[in-house]
A.B. asks: 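Quick one: this structure, given as structure tokens, is what I'll be asking you about.
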2 protein chains.
Amino acid sequence: MSTAEETGGENMPWGEVTPDAARRLLIAAVEAFAERGYHATTTRDIAGRAGMSPAALYIHYKTKEELLHKISTIGHTKALAILESAADGPGSAADRLVEAVRSFVVWHAGQATTARVVQYELDALGEEHRAEVVLLRRRCDAAVRRILSDGVDAGEFEVPDVSGTTLAVLSLCIDVARWFSLDGRWTPDEVGAMYADLVLRMVGAGAPGPQN
Amino acid sequence: MSTAEETGGENMPWGEVTPDAARRLLIAAVEAFAERGYHATTTRDIAGRAGMSPAALYIHYKTKEELLHKISTIGHTKALAILESAADGPGSAADRLVEAVRSFVVWHAGQATTARVVQYELDALGEEHRAEVVLLRRRCDAAVRRILSDGVDAGEFEVPDVSGTTLAVLSLCIDVARWFSLDGRWTPDEVGAMYADLVLRMVGAGAPGPQN
DNA sequence: GCTGGGGGTGAGCAAGCGCTTAGGGTTGGG
DNA sequence: CCCAACCCTAAGCGCTTGCTCACCCCCAGC
């Protein structure tokens, strides 16, 4: 876990999707959805990007919405794993918060294309599929809240409103996917480090001074 | 300026749009775009919400995109006025930062429907119209940056990266439009106050302790 | 009471949409 | 050498889209 951080900490982002043709279609869909949004993307565009005819899509996926569902589920699962791994990891609450924010932000920056779809196309999912994904989101919220509560209990943090701060921290990190890489001014690691510092300050555990 | 804060500080959000029929269409479009997104909204839906036939829309607007452009321009102008008013107002850098974040967030929460369209449907605009709006966005960025720079120069703030922190502050505030009012747990004023406090902490001017 | 014109409608066009179906090329087992 | 299983495509179906056009209604001015 060192050089691959630039891709958000993943070596093979969609390695779990098989067969190969299905993966190519899914990657094409991620790019198209991220660029133009779900509703503005046509199945012909997705198939075209994958080098196939429009009909080929329906051999591997029942509908266009199933593609979004698969992308959203895999993406949210990955994001949740990052947060829970940090929340349940070793170290003080401050250590865990830094690691959570850092790795979560690195993923949203390094995998900005995927993250944009995952975070901003939720409403395009059907009723049932959206409900599934909302459950994963709640667990993301719970992981961050757990760290903040622990920090408050331990006297490490000074936070007047744990729920509100949880929301603000997640909101701040998620929005990275919207603006990242408009130019190449920062690397994912740099944004991750900066945001970890900002969030530490938000919970009253910041170190105004130490970092050069 | 007291009770009307719940609507984001505006008495008559679209009062500048005339004649009446054009305003009704525009308000219908804002609601539809906010609910389903620009691309998923049909001109029939907009006209229907305004109580008119599909053809009536084209008496007042040339295209569906012109509607979005009008909404986006008016909305961004309003948001920019809020930030510049705070940035160029009286008081210390900390005072101005608090006022900027507070009023900006109150608007994004109170006018969440409008703000969602303004902040998240930018890419749906045509090339030229988007370029216009991007200029307004840059001025928003400049206003916040001005406050932060002043605070650093005056020794009030301790901020390692002014550009990055400017981005983070704006990102945090803008994202309020995405999540606000999923339930009614906070009022716009409450979110505004909480966010102003969080941002003060981010710039190293927070007061961990004072507020109960 | 007639009239002219601005605000509105019903019907519909061309284009593009998600998705289906009949059929063709390639490959591995007998 | 055949053939069946597997992927994929060309063509196109039924529908919806943004938008247009011929027409109508209502009301102020003479």
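Quantities reported herein were computed from a predicted structural model and do not represent experimental measurements. Within every chain, numbering begins at 1; the chains are lettered A, B, ... in the order of the sequence lines, protein sequences first and strands thereafter. Both backbone and side-chain heavy atoms feed into the values below; hydrogens, waters and symmetry mates do not.
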A.B. asks: Would you mind telling me which of D:dC19, D:dT9, C:dC19 lies closest to the side-chain atoms of A:T63?
C.D. replies: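 Nearest to the side chain of A:T63 among the choices is C:dC19.
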
A.B. asks: Which is true for A:S53 with a 4.0 Å heavy-atom rule: it touches a base, it touches only sugar-phosphate, or it touches nothing?
C.D. replies: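 Since a base atom lies under 4.0 Å of A:S53, the category is base.
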
A.B. asks: Whole Å only: how far is the CG atom of A:L25 from the P atom of C:dC19?
C.D. replies: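 Distance check: A:L25 CG to C:dC19 P gives 14 Å.
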
A.B. asks: Return the 5'-most residue of the pair B:M52, A:A55 with respect to DNA chain C, ranking by each residue's nearest nucleotide.
C.D. replies: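 Here B:M52 is the residue nearer the 5' end.
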
A.B. asks: Kindly indicate whether a cation-pi arrangement holds for B:K64 with B:Y38, taking the cut-offs as under 6.0 Å to the six-membered ring centre and within 45° of the axis.
C.D. replies: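 B:K64 over B:Y38 ring: yes.
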
A.B. asks: Without decimals, in angstroms, what is the distance between A:Y61 OH and C:dG18 P?
C.D. replies: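 Going from OH in A:Y61 over to P in C:dG18 covers 16 Å.
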
A.B. asks: Expressed as a whole number of angstroms, how long is the span from A:L57:CG to D:dC7:C1'?
C.D. replies: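 My rounded result for the distance is 14 Å.
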
A.B. asks: With a 4.0 Å cutoff (strictly under), does any side-chain N or O of B:H60 reach OP1 or OP2 of C:dG8?
C.D. replies: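 So the side-chain polar atoms of B:H60 do come within 4.0 Å of the phosphate oxygens OP1 or OP2 of C:dG8, strictly under.
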
A.B. asks: Which of parallel (below 30°), tilted (30 to 60°) and perpendicular (above 60°) describes B:W179 and B:W186?
C.D. replies: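 Perpendicular: the ring planes of B:W179 and B:W186 meet at over 60°.
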
A.B. asks: For A:T43 and C:dG18, is the shortest distance between a side-chain N/O and OP1 or OP2 below 4.0 Å?
C.D. replies: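 So the side chain of A:T43 is within the cut-off, an N or O lying under 4.0 Å from OP1 or OP2 of C:dG18.
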
A.B. asks: Establish whether the base of D:dG18 is bridged to the side chain of B:R44 by a donor-acceptor pair shorter than 3.5 Å.
C.D. replies: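 Side chain to base: pair present.
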
A.B. asks: Answer yes or no: is there a donor N or O on one side and an acceptor on the other, between the side chain of B:E121 and the main chain of B:L68, under 3.5 Å?
C.D. replies: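 Flag not set: sc B:E121 to bb B:L68 has no pair under 3.5 Å.
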
A.B. asks: What integer distance in Å separates B:D45:CG from D:dG18:C1'?
C.D. replies: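 To the nearest whole Å, that distance equals 14 Å.
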
A.B. asks: Is B:R102 reaching over with its side chain to a backbone N or O of B:A193, donor-acceptor style, under 3.5 angstrom?
C.D. replies: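 Pair absent, no side-chain N/O of B:R102 close to backbone of B:A193.
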
A.B. asks: What's the CG-P distance between B:D20 and C:dG8, to the nearest Å?
C.D. replies: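 Rounding to the nearest Å, CG of B:D20 and P of C:dG8 are 9 Å apart.
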
A.B. asks: Starting from C1' on D:dC19, measure out to NZ on B:K64 and report it in whole angstrom.
C.D. replies: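 For the pair B:K64 NZ and D:dC19 C1', the rounded distance is 12 Å.
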
A.B. asks: Whole angstroms only, please: what is the NZ-P distance between B:K62 and D:dC19?
C.D. replies: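 Rounded to whole Å, this separation is 12 Å.
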
A.B. asks: Given C:dC19, is OP1 or OP2 found less than 4.0 Å from the side-chain N or O atoms of A:Y58?
C.D. replies: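 Yes, such a contact exists.
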
A.B. asks: Between C:dT21, D:dC8, C:dC17, spot the one nearest the side chain of A:I59, thanks.
C.D. replies: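 Nucleotide nearest to A:I59's side chain: D:dC8.
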
A.B. asks: Side chain of B:A21 only, heavy atoms from C-beta on: which candidate in C:dG8, D:dC8, C:dT9 is closest?
C.D. replies: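 Of all the options, the side chain of B:A21 is nearest to C:dG8.
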
A.B. asks: Closer than 3.5 angstrom, by distance alone: can the side chain of A:R130 be matched with the main-chain N or O of A:L125 as a donor-acceptor pair?
C.D. replies: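 Confirmed, A:R130 side chain pairs with A:L125 backbone.
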
